[in-house]
Amino acid sequence: MINYIELAKEINEEIIQNRREIHKFPETGFELDRTLEFIETRLRDYGVEPIRVGRAGISATVGREGKTILLRADMDALPMKEETDLLFKSENDFCHSCGHDAHTAMLLGAARLLKENEDSLNGTVKLMFQPAEELLAGAMDMIEAGILENPKVDAAVAMHIYVGNELSRTGTISYSRGPALFSGDAIKIHVKGKNAHGSTPDKGIDAISIAAHIVIALQQIIAREVPTDDQAVVIVGKISGGDTVNTLAGNAELEVSVRATTEKMREYLKKRVKEISESVAVTFGGKAEVEFWYGMGPLFNDLALTDEIIGYCKEVIGEDNLNQIPIAVGTEDFTSIAAKVPGVMINLGVGSVEEGYSLSIHNPGMILNEEALHIGAALHAHIATRYLIDK
Ligand SMILES: [Zn+2]
Ligand SMILES: [Zn+2]
């Protein structure tokens with residue numbers, strides 16, 4: 001078996017330079033022109049032919065006919081200004097505080113390693129560089145454009161950086177077996193009442209008062225309806241309405257976020273938010289229109305595939321560097337892929353609190369230990385190679 005850690009060490013500098021190049025010029029959503037061009041140039045340098053998939057995705061394959069394993073990296077940054085002292089700090093108003101620059105650099109590293117050892121591949125490795133992860137939209141766009149077909153994908157693996165906690169020591173892998181991430185749904189509730197002058201409240205229907213009753217009533221879902229051995233979240237994150245101090249508000253709007261660990265509980269929460277909002281509004285003579293704004297289901301790491309992938313990780317980094325962790329609250333666009341083919345998401349430690357990395361992802365000051373990146377590239381390459389041998 002090829003020692004990918006050794007080979008990845010030899011291209012360590014290049015992986016780090018690729019990451020810094022992407023880090024300096026972050027782009028968001030589907031607007032990734034510069035990033036896409038950079039990735040395509042690098043892939044061609046490595047002898048791998050990229051193709052555009054969907055609005056702003058890149059796919060490439062390495063290997064030969066046989067089973068196909070997909071490795072996913074995301075490319076988009078966040079619309080926030082970086083707050084670090086890095087020499088290669090972002091030069092615009094966006095920031096790679098979710099580490100997607102690292103994901104892309106690691107997958108580029110893996111592309112080179114796999115291409116240089118293509119003869120050892122017993123099937124196809126499909127590389128997927130996806131846009132708009134933060135918008136929870138890029139994966140579906142690429143799926144609709146056929147990323148899971150031609151060749152048909154048999155299994156999918158995504159690696160996310162893990163930083164700023166006790167378990168995220170450099171070079172470790174943390175993973176969940178089965179339920180891995182909560183679902184997340186955003187819901188808008190438009191409350192319709194009737195304007196009236198404050199001196200004649202009986203002539204109007206107070207949308208603000210109705211909205212307040214809805215806020216209280218929604219708390220009942222978690223307090224009384226979710227079993228104690230299940231976990232769920234319902235919050236009202238935003239409320240607005242009314243025009244002026246002495247007028248009854250004709251309209252109010254609530255923004256509600258719900259999270260669940262299973263698809264069943266997710267559907268239940270959405271159903272109850274709708275029922276409660278509508279009936280509370282009716283009780284007070286108004287109306288509530290419930291709009292399911294956007295959402296993502298819970299991520300479930302395929303059990304058999306997780307065991308296989310973690311077994312391959314162990315061959316590279318050893319048992320002591322593997323941590324099984326409980327389900328995490330958060331959503332990931334990879335869920336769209338794992339809903340269609342067996343999928344696993346693993347977390348690569350890129351700096352723990354003890355190592356001096358105290359900030360987590362989505363913090364504009366987040367920094368990571370770049371010495372982890374070649375390990376991530378080696379893991380990608382080893383996982384793909386081993387999976388194809390076993391299939
Ligand atoms: Zn993120
Ligand atoms: Zn991310």
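Ligands are counted one by one from 1 in listed order, and the atoms in each one are counted from 1 as well.
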Looking only at atom types and distance, does a side-chain atom of Asp185 sit under 3.5 Å from a main-chain N or O of Lys270, one as donor and one as acceptor?
no
Can you label the angle between the His100 ring and the His160 ring as parallel, tilted or perpendicular, going by 30° and 60°?
perpendicular
Strictly under 2.8 Å of the Zn ion (ligand 2): which protein N/O/S atoms qualify?
Cys98 SG, His100 NE2, His160 NE2
Against the six-membered ring of Phe182, is Arg259 placed for a cation-pi contact (under 6.0 Å from the centre, within 45° of the normal)?
no
Who clusters with Tyr294? Use side-chain heavy atoms, under 4.5 angstrom, across I, L, V, M, F, W and Y, and order the result by chain and number.
Trp293
Could I get the full list of side-chain hydrogen bond (donor to acceptor under 3.5 Å, both in side chains) partners for Tyr46, not counting sequence neighbours?
Glu14, Asn18
Show me the pairs that pass side chain to side chain donor-acceptor pair (under 3.5 Å) and involve residues 201-215, at least two apart or across chains.
none
